[in-house]
Structures are given as structure tokens and as C-alpha cells.
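Predicted model only: the values in this text are computed from it and were never measured. Residue numbers begin at 1 in each chain, while the letters A, B, ... track the order of the sequences.
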There are 2 protein chains.
Amino acid sequence: MTTIKDVAKAAAVSTATVSAVINDSAYVSPLLRARVQAAIHDLKYEPSQMARNLKKGRSELIALIVADLANPFFARMVWAAEAAVAAWGYSLVVFNSDEKPENERKALARIRALSCDGALVVPVGLPAHYAQRDAEGRGFPTVLFGRVVDDRHSDTVTIDNIAAGSQVTNYLLDLGHTRIGSITGPLHLTTGRGRLDGMLQAMAQRGVAPEPGHVRSGEFREDVAYSVAREMLDRPDRPTALYVANGVMALGVMRALADLSIHCPLDISIASTDTISGIGGLRPRLTRTEHPIIEMTNEALRLLVDRIQRGKDKPPRNVVFQPALVLGESCAPLKRS
Amino acid sequence: MTTIKDVAKAAAVSTATVSAVINDSAYVSPLLRARVQAAIHDLKYEPSQMARNLKKGRSELIALIVADLANPFFARMVWAAEAAVAAWGYSLVVFNSDEKPENERKALARIRALSCDGALVVPVGLPAHYAQRDAEGRGFPTVLFGRVVDDRHSDTVTIDNIAAGSQVTNYLLDLGHTRIGSITGPLHLTTGRGRLDGMLQAMAQRGVAPEPGHVRSGEFREDVAYSVAREMLDRPDRPTALYVANGVMALGVMRALADLSIHCPLDISIASTDTISGIGGLRPRLTRTEHPIIEMTNEALRLLVDRIQRGKDKPPRNVVFQPALVLGESCAPLKRS
DNA sequence: GACACCGAGCTAATCGTTTCGCTGCATTTT
DNA sequence: AAAATGCAGCGAAACGATTAGCTCGGTGTC
């Protein structure tokens, strides 16, 4: 490994001069500059980011903790985050909490140990958990993404889940459905609770309410949604329309429908939120609200980088994005029968 | 920031002793040990990984460069890699070359600057590019994944692409098809070239050859496959069966079929390789060869960690995995007409 | 000609660890 | 009793960069 000292020796200058050349941080005469550059080139010298970081107290690393790396929604987020982070001159360290608070805790510890400059976190824990972490981690630049657990202390970027739920539900109501069911996400997350609340609000506004057995909560997982759907739909009093809380779950529901020989949209209308991209081949295309995940990720990193570079005294900012209803062919007007 | 010196002062011992306690690297009497631990706890001291790394010359970072982070196949690879890397005690830094050699080069430079301990790379460049890089990067622990470009100097983990091509093609031939076409990947990659070769070999063994217009090469992208498929299939002499080089492309083909109102499998049989997971809802399910991507990723990281820890003098190892043919409903016997 | 001033480049301290080699006490060996 | 041994713990030198503060020769002013 060639160090700055080797270069200094080879160019017959001091390390300070070499450093000045590398970083363009002070005027160096053309003569010396040339000598230094030649030496750098000859010795194939590359400055050690590690030493530099130790001195400067930065690591140029940004951490991303996602709740479920197997979920295409978050995979896409990683994609967007990598691009954004690289554009800001950082590198991306990825962690998967796999929806387990314990893993998230470990990841956060690791992130501090690596002295990452900041973290973008899709939180997994209960609110109480965060209040505590927040007290400890005070001052560590963090942006919470997607699921608000605490909007008083941290920057957050979220989607308006209530709007997502009502948009979809209003559409189903407009098609004449009243027996609308839902397979929800975990209700302690705003992504679960909010979407359900939005649905209930929309229904209440039209004076209808879902039947008890038609609202089942689950997890954001394909297999869980599959089982719940099989159970809920394999009976005569099944709903005529179903709002599924996210894209992965919708896939599980579609699979259940195929197994039960229930035709969508003829026999049942299906709509969801945050449908995963890249499944353009799926027919019928889902009617869903889409989340501008790329813009959301970019905005989150903008906030994060701003906090890293401009300091932590600014008050926390909470950015809320609006979902957009996108029509597929998975919904049909209610058949009179 | 509390440092090891603060702890040493608080516990009235030397920094060496604190270090010994932290790392369990030397015997420390129970008395001092207790004092040190108390001080660590009181001061909420966390050792700086950065300083530690500088001293030890390691970073506990493993880099992953994938060719296309938007491709679910590689997204899944990130998922597997994160888990494996964490299990080995490292953290994962993710880069996306987006199929561009230039980006790959930048990522490699960044990786060296960060002094990552090793890199798992899905190579993008031409062989010549690698021969050169290899000469420079001599000694930097690297495992090449998926697309062999150079098996003499580096560890590699790959799939038997020729086998994948023949397996699928033999299946189609067994169904009676002889007018088999293919939309291939880039032919300078073994994942593109090999699969096509496998197909051609299988056909040659039965004495058939594809018609010229029925083999079109492209890129591993959904939209490219879509356009090629639209063009190739929208004519009377279209093939009766089509082998699509990867999963993302197969989605594009299915989309083209839907637009052209060509029914699969009644009008055309479609088969592919390395189909992406997570699209269980897609109907018909694709007949395809599946790659054991998780095992492959684990093996690649095993090789990488071994090389990081055990040294670089070992000869390079090349591990080849076998694809498995998985039947869906996207292929049907040739209709006599 | 003496003075202050300027600025290119150097010296050395510093970031927070790990670790080599040493000290000095207590125990064992002769 | 003197010498040899063992070993807990310490001091200080690294690791490879950045940077504050200093030196010292050249210019401008009176």
C-alpha cells in the first residue's frame, strides 16, 4: 500500500503539499503540483478513504434499513436509493430488518459503529421503541420512511395512507359495490392502520360498513395474504370487492383466486395499494394506488443529506406524498343478481 | 464523542488495558476489568469502528456490484447477499453498474477507496476490460458472479448456461416444436451466448435449426424484449415456440403477446431461463429453468470470505451450478395444422 | 536601507484505535 | 539470599490522512 508519505518522498515535498494537491485545498505552485501528480501516478497512489474519514469524522456512507428486502417494493427502493446516494457522493450500506425490531436494533448499532453519516430507515418497531431509541440516538441524522411512528423528533417521508384507502374504496363504491372486504397490513403500522381507516371512512361516508368477517388483518406477506384470502373467499357470503393492503399481498390473493377458480374481475373485484412494479405481464392488471417511490426515496435522501451537511438544529420536516389511483382491469361494476 | 482515552482516564488505567477489555485480547484482572466496564457503561462509550479499521487495515465491508438493480433477479441477489454478509459479520455496500462498464469502473474505484475487504461482482464489461482490471487489481479479493468473463484469475460462481438452453429447448422439441425462436441476451456475456449455444446444440442434435429471423439478440431488459417480440411475432411465419433468455425479458414478451392477442400457450409456447420470483400470480406460469440464486450467492460469499480471511495465494476456484427445469403452463404440444 | 507584509511550503499535532516492548512486582528456582 | 522467571499493566509508536501554525525568502512602502 502506498501512502501519502511515499508520494511526498518521491516528489520531494511534504505530505501537506501532497494533501493540498489531492484536495485542491491550497495553492500549490505549478512545478510542485506537477511533481506531485507525477509521483501519484507513478506510485499508483490512492488516498485511503479510511484514514481520511477518521480525520474528518465522516464516512461518506449512508445506511438504508428496509423492512423486507424480499419485497419488490423495497427492492425498488434500494434501487432508487443507490442511485440517489451515489449522485450525492456517498455509498449505500444496506440492511434488512425483515420486519423484526431486534434486527433493526442490531442494524442501528452496526450503523453507528461504522459511523455512517446518516440512515434512511423503514421502521419496524412499535412507537414506544422509537421514542426510546430516539432519546439515545439523539442527533444521529435519520429519516424515517413510509411508516410514521413518531413525527415529532425525526424527519419523515410518508404516503397519505388514509387517502390511498379512500381513493380505492370510493372507486369500488362508485362501481356499485357495498360488500367490500379488506385484507389489511399490520395495524400497528400506519401503512396498515391508515389504509384501513381510509377505507372505513370512505364507506362510512356512504353509509355502509364492512361485514365483520370481511376485514381481516395480516402481514405484508404473499403467503399470509394467500391463506387469508383462501379462507375468506371460499364461502358463499364472500365480498364482491376486496381491497388488499399492498402489492405483494395482492399477488397472494390473485394466486388464491386462481386456486379457487374465482374469476377476477367477473366474480370479484380486486384493488390494492402500492402495487409492485415489474409485473407488467400480470393479467388482469391490478387497479391500485401507486406510490411515487422513486420521488419519495429521492426526497428522503435530500432531507437526509441536508441534515448531514447543514446540521441538526433544524426542526424536523415531515413530507407527505399523495397516492395516485391507477386503473387496471381487476375491477368491474357490481353484477345485479 | 467519548473515546478510549476518556474511558482509560475514568477507570484510571491505560488505553491498552481498555482495549484489552474490549477485545478480550489479553488477561486483565477482575478488578480492573470491572472498573473499565463500569466506565464504558457510564460514559456510553462505543469504540470507533473507523479508527479500529484504520489500525487493523480492514473495514468489515463487503461490496456487491450488480449489473441491474432494477431487475428482480438481482434484487433477490441483494436480499440473499445482505443476509449472508451479515451472518459473516460484515456489512453490505451495494452498487449498481446498470450494465455500463463505466459505472462498474467507478464502483470498483470507490470500493478500493472505501477499502472494502472484498467484492462480489456481476461483471458487465468485455473480457478484455477484465484482463486489464485484473492486472491492476491483483490481489483484491473478488468473486465474479453469474457471467464468467475470465476464469483463470478470479473466483467465479456461475450457472451452466449451455445446460439451461438445452434443457428448455429439449423440452420444447419433445413437445413437437421445431420452429423454435429465441430472444437472447447480449451475446458477449456468457449468460447470453451460453443459453443460445445450448439451444442451438439441442436443436442441432435433433437435426433442426432455427430460422434466421427467429433468433434475435437483445438486452436483458423488459422493454427491449417487448419490442423485439412485437416485431418477431406479428407475422404469419412466427415461431411456434420461443425461448426467452431471462425472466425480465419473458415479462416483456408476455406483455407483447397480450397486446398482439396471441394466446399462450395455445398459439405459442413460451419458455425462459432464470425466471424472477415473486410473480406467482402471473398466469400462465412460465416454464423455465430456475437458478438456485440463493445458494449461488451464499457460495459466492463463502468463497469471498474465505479468500479475505485465508489469503490470496490459493488458486482461483470456479463453481458451476446446474439449472433446474420447472414446468409451468406456458408451453403446449405443437398443434398439427 | 529598514520595515512590515505576503504567501508557498514545511513541521508536527491530531483523529481513535491496536499492539509492541518495557517496567516492576511477586513468585519460584538454585 | 541472589538470580531467574512470569505476567499484569503501562507508555508510546504506529495506522494514513488533514490542518493549524510556523518559517523564510521575496516584494512593496516609507
Residue list, side-chain hydrogen bond (donor to acceptor under 3.5 Å, both in side chains) with [X], at least two apart or on another chain:
X      : answer
B:E102 : B:R105
A:D306 : A:R310, A:K314, A:R317
A:D98  : A:K100
A:R110 : B:E60, B:S91

Practice task
Provide the closest heavy-atom pair for B:V18 versus B:I4 in the form atom of the first, atom of the second, distance.
Solution key: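 Residues B:V18 and B:I4, closest heavy atoms: CG1-CG1, 3.5 Å.
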Problem - Minimal non-hydrogen separation, A:A113 against B:Q49, with atom names - result: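 Nearest pair, atom of A:A113 first, then B:Q49: O-CB, 2.5 Å.
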Practice task
Give a yes or no on whether a salt bridge exists between A:E99 and A:R147, defined as a side-chain N under 4.0 angstrom from a carboxylate O.
Solution key: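 Judged by the 4.0 Å cut-off on N to carboxylate O distance, A:E99 and A:R147 do form a salt bridge.
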Practice task
Return the angle between end axes of the helix from C:dG1-D:dC30 to C:dT30-D:dA1, with five pairs used per end and rounding to 10°.
Solution key: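 Nearest ten degrees gives 60° for this helix.
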Practice task
Rounded to the nearest 0.5 Å, what's the gap from OH on A:Y45 to CG on A:L43? Could you check?
Solution key: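 Atom-to-atom, A:Y45:OH and A:L43:CG are 10.5 Å apart.
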Practice task
Find the distance between CZ (A:F95) and NZ (A:K106) and round it off to the nearest 0.5 Å.
Solution key: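 These two atoms lie 12.5 Å from each other.
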Between side-chain atoms of residues 293-303 of chain A and protein atoms elsewhere (two or more places apart, or another chain), which donor-acceptor pairs fall under 3.5 Å?
from   : atom 1 : to     : atom 2 : distance (Å)
A:T297 : OG1    : A:I293 : O      : 2.7
A:N298 : ND2    : A:I294 : O      : 3.4
A:E299 : OE1    : A:R302 : NE     : 3.2
A:E299 : OE2    : A:R302 : NH2    : 3.3

Expected list for residues 7-16 of chain A: side-chain donor-acceptor pairs under 3.5 angstrom, two or more places apart:
from  : atom 1 : to    : atom 2 : distance (Å)
A:S14 : OG     : A:A16 : N      : 3.3
A:S14 : OG     : A:T17 : N      : 3.3
A:S14 : OG     : A:T17 : OG1    : 3.2

Problem - Strand contacts (DNA chain D) in residues 36-61 of chain B, 4.0 angstrom heavy-atom criterion - result: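 By residue number: B:L54, B:K55.
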Exercise for the section: Check each residue of residues 18-27 of chain A for a non-hydrogen atom within less than 4.0 Å of any atom in DNA chain D, then write out the ones that pass by number, or none. Expected result: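 Residues of residues 18-27 of chain A that come under 4.0 Å of DNA chain D are, in numerical order, A:S19, A:N23.
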Practice task
Scan side-chain atoms only and decide if B:S59 and B:N53 contain a donor-acceptor pair under the 3.5 Å cut-off.
Solution key: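 B:N53 and B:S59 do not have a side-chain donor-acceptor pair below 3.5 Å.
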Exercise for the section: Check whether any side-chain heavy atom of B:Q309 lies under 4.5 Å from a side-chain heavy atom of B:D117, and answer yes or no. Expected result: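 Result no, sub-4.5 Å side-chain heavy-atom pair not found.
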Handout entry: pair A:S97-A:V122: side-chain heavy atoms closer than 4.5 Å
Key =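 A:S97 vs A:V122: side chains apart.
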Exercise for the section: Give the first and the last nucleotide of DNA chain C, reading 5' to 3', that has any atom under 4.0 Å from a heavy atom of chain B. Expected result: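 Reading along DNA chain C, I get C:dG16 to C:dT19.
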Problem - Contact boundaries on DNA chain D for chain B, cut-off under 4.0 Å to non-hydrogen atoms - result: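 Counting from the 5' end, contacts occupy D:dA8 to D:dG16.
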Exercise for the section: Could you note down all residue pairs passing salt bridge (charged side-chain N to carboxylate O under 4.0 Å, His left out) where residues 21-31 of chain B supplies at least one of them, sequence neighbours left out? Expected result: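 Of all non-adjacent pairs touching residues 21-31 of chain B, those that pass salt bridge (charged side-chain N to carboxylate O under 4.0 Å, His left out) are B:D24-B:R33.
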